[in-house]
Amino acid sequence: MTKKNSIYYPSFFTYTLQGMIALSIGLLMPFILDAYSISYSQGGSMIFFLLLGGMMSSTAGGMLIGKAGEKFVIIVGALCVLFGYGIFLFVENIKIIYILLFFVGIGTGLFNIALNTLVAFVSDSDAKKINSLHMFFAVGALLATIIVASISFFNLNWKIFICIIDAMAFATILMFAKMDIHKHKQDKRDHKLDLSFFKKPYIYIFLALLFFYVGIENAVNGWIVTFLSESKIVSETASNSVLSVLWLLVIIGRLINRRLKKSITLESRIVVTSIIILLSYVLLITTSSVFVLLASVVILGLAMSAFYPNVIANSSEKIKSNSTALGLILSFGGLGGAVIPWINGLVADSKGLQMGMYAVILSIVLLIVAAICNIKTRAENYNNKID
């Protein structure tokens, strides 16, 4: 195995785990609402605390990488997941669960910044490698939907899924503990704190792009199963299957995205996919036809597949492996991922779950605005890269 592959493969495994964790609360929400007799807003708060931890640790993780390296940050992240979800298995107090999910979120945030920084550096910001990393997020998301659908079908204990996540977190610790990447970090990189990116206007566009996109993605992951189940368009088991189809299409889309011609700029891809996300999402939440529902899921999955890795690749080629800048961008994604599903929960409590899902449309419109602004600053971006 080559030096690079010895880094890529464990990174892909851990990003698979990242995908499973990202969908965990959303997939388990119907079970959790029933088991703990909690409201929509409390369910939204669970998603909020999970993603709040991710947002805060993404920012801190960027600076921590400069001091201790990606290996240390990834191991600490796995320990946080192991601790949070390990204790979650044995408690029922909702306030304690919020705290535990915050720790799990810290772990995912550390994974996010460390793995993206590591793969971007090792591959020299190769869009194909970054896209491959994010394809494994989709693999994890798909596995999560299949596992939870199986648990529902066979009437098993939903906490089995949490145990699987803990087992994978422990495996991550073992893999990275014996990996030799510390010397690689010290010899080839200068990790001094560089805040010059705040002077670049495009950095704020990337903050907005990930804020709205991750919020939209987590709103879909967090509420779509409950929404479809309660709307009676499909059964509860079929609702999980819909999410499985969505993430299967994300995987297929990311394989296609790897082969797109470089003549199609990343900025153009981001605009086109954001518009497709809007159209397919509106179809998804307004249709009463199973056929239209499946068609919208297929289109939404393909559009989502390209958006996140293209934004990461687009930002990475401009910020040049500046882990602090990337950490800030990812942290804003975490912030949006926490705030938007939480707002959905509040709206759902007061106006009904369908209105909560409609609220996401405003975020998608703002996403499109940010994507268009990104195209307009393309020329300036390439003349003013962060050193």
Side-chain angles (χ1 to χ4, degrees), residues 16-36 38-55 81 84-85 88 94 97-98 100-102 104-105 108 137-152 158-162 164-165 213-231 234 236-248 250 281 284-285 297 300-301 304 308 333-334 336-349 353-354 356-357 359-360 363:
T16 301
L17 171 61
Q18 178 90 333
M20 294 177 70
I21 296 171
L23 266 68
S24 59
I25 297 301
L27 285 170
L28 296 175
M29 188 66 74
F31 300 101
I32 293 171
L33 292 175
D34 180 60
Y36 301 131
I38 60 175
S39 65
Y40 288 135
S41 60
Q42 288 175 311
S45 294
M46 291 178 69
I47 299 172
F48 174 81
F49 278 98
L50 176 67
L51 296 165
L52 179 65
M55 181 270 292
V81 171
Y85 265 153
F88 179 85
I94 191 65
I97 289 174
Y98 289 159
L100 293 173
L101 290 175
F102 180 77
V104 175
T108 62
F137 179 96
V139 169
L142 176 61
L143 284 175
T145 61
I146 293 172
I147 292 168
V148 174
S150 300
I151 287 171
S152 177
W158 57 270
K159 292 185 177 180
I160 291 173
F161 181 51
I162 302 297
I164 293 171
I165 289 176
Y213 173 75
V214 177
I216 294 159
E217 182 181 286
N218 284 325
V220 173
N221 293 338
W223 289 111
I224 197 65
V225 172
T226 305
F227 171 73
L228 292 175
S229 297
E230 296 193 4
S231 64
V234 292
E236 184 175 307
T237 301
S239 298
N240 283 312
S241 299
V242 168
L243 204 54
S244 298
V245 172
L246 175 69
W247 284 98
L248 176 61
V250 171
Y281 180 80
L284 175 62
I285 64 171
V297 167
L300 181 61
M304 287 172 57
Y308 192 96
V339 170
I340 292 175
W342 177 63
I343 291 174
N344 295 150
L346 293 178
V347 174
D349 259 353
L353 185 54
Q354 187 167 22
M357 300 303 289
V360 179
S363 297

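Here the structure is a predicted model, which is why all the values come from computation and not from measurement. Residues: numbered from 1 along the sequence shown.
Y281 is listed as a side-chain neighbour of V360, based on a closest heavy-atom distance under 4.5 Å. You'll find the side chain of Y40 stays beyond 4.5 Å of the side chain of V347, heavy atoms only. Side-chain atoms of I224 and M357, non-hydrogen and from C-beta on, do get closer than 4.5 Å to each other. Counting heavy atoms from C-beta outward, V148 and S152 have side chains that stay 4.5 Å or more apart. Under the 4.5 Å side-chain criterion, counting only non-hydrogen atoms from C-beta, I25 is not in contact with N221. For the pair Q354/I285, no side-chain contact is recorded, criterion being any heavy-atom separation below 4.5 Å from C-beta on.
Among all heavy-atom pairs drawn from V250 and A138, the shortest one is CG1-CB, 3.3 Å. A pairwise comparison of heavy atoms in T108 and V81 identifies N-CG2, 4.5 Å as the closest pair. Scanning both residues, L51 and P341, for their nearest heavy atoms gives CD1-CG, 4.5 Å. Nearest heavy-atom pair, T145 versus S244, reported as atom, atom and distance to 0.1 Å: OG1-OG, 2.6 Å. Of all non-hydrogen atoms in S231 and L228, the two that sit nearest each other are OG-O, 3.0 Å. What you find for A144 and F161 is that their closest heavy atoms are CB-CZ, 3.5 Å.
Atom OG of residue S241 and atom CG of residue L246 lie 12.5 Å apart, to the nearest 0.5 angstrom. Going from atom CD of Q42 over to atom CD1 of I97 covers 10.0 Å, rounded to the nearest 0.5 Å. From T16, atom OG1 reaches atom CD1 of I21 across 11.0 Å, with rounding to the nearest 0.5 Å. Note that CG of L142 is 9.5 Å distant from CG of L243, once rounded to the nearest 0.5 Å.
At distances below 3.5 Å, not a single donor-acceptor pair connects side-chain atoms of E217 with backbone N or O atoms of M304. Side chain of E230 to backbone of F227: no donor-acceptor contact under 3.5 angstrom is found. Proximity of a side-chain donor or acceptor of N344 to a complementary backbone N or O of A219 within less than 3.5 Å is not detected. Judged by distance alone, with hydrogens and angles left aside, the side-chain atoms of S45 form a donor-acceptor pair with the main-chain N or O of S41 at under 3.5 Å. Counting only distance, with no hydrogens or angles, the side chain of W223 and the backbone of G26 share no donor-acceptor pair below 3.5 Å.
Note on ring orientation: taking the six-membered ring where Trp is involved, the planes of W158 and Y36 are perpendicular (angle over 60°, cut-offs 30° and 60°).
A side-chain donor from one of S24 and Y85 sits under 3.5 Å from a side-chain acceptor of the other.
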*Take M20 and I147 through the side chain to side chain contact (heavy atoms under 4.5 Å, CB included) test and state the conclusion after the steps.*
CA-CA 10 Å; M20 294 177 70; I147 292 168; 3.8 Å; yes
*Assess whether side chain to side chain contact (heavy atoms under 4.5 Å, CB included) is satisfied between I47 and W342, documenting all intermediate values.*
CA-CA 7 Å; I47 299 172; W342 177 63; over 6 Å; no
*List the steps, then state whether side chain to side chain contact (heavy atoms under 4.5 Å, CB included) holds for N218 with I340.*
CA-CA 8 Å; N218 284 325; I340 292 175; over 6 Å; no
*For side chain to side chain contact (heavy atoms under 4.5 Å, CB included), just list the numbers for V104 and F88, CA-CA rounded to whole Å, side-chain angles, deciding distance to a tenth of an Å, and then say yes or no.*
CA-CA 10 Å; V104 175; F88 179 85; over 6 Å; no
*Could you walk me through whether F49 and F102 pass ring pair (Phe, Tyr, Trp, His ring centres under 6.0 Å), step by step?*
CA-CA 5 Å; F49 278 98; F102 180 77; 7.1 Å; no
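Of the candidates L33, L28, I38, M46 forms a side chain to side chain contact (heavy atoms under 4.5 Å, CB included) with just one, namely I38.
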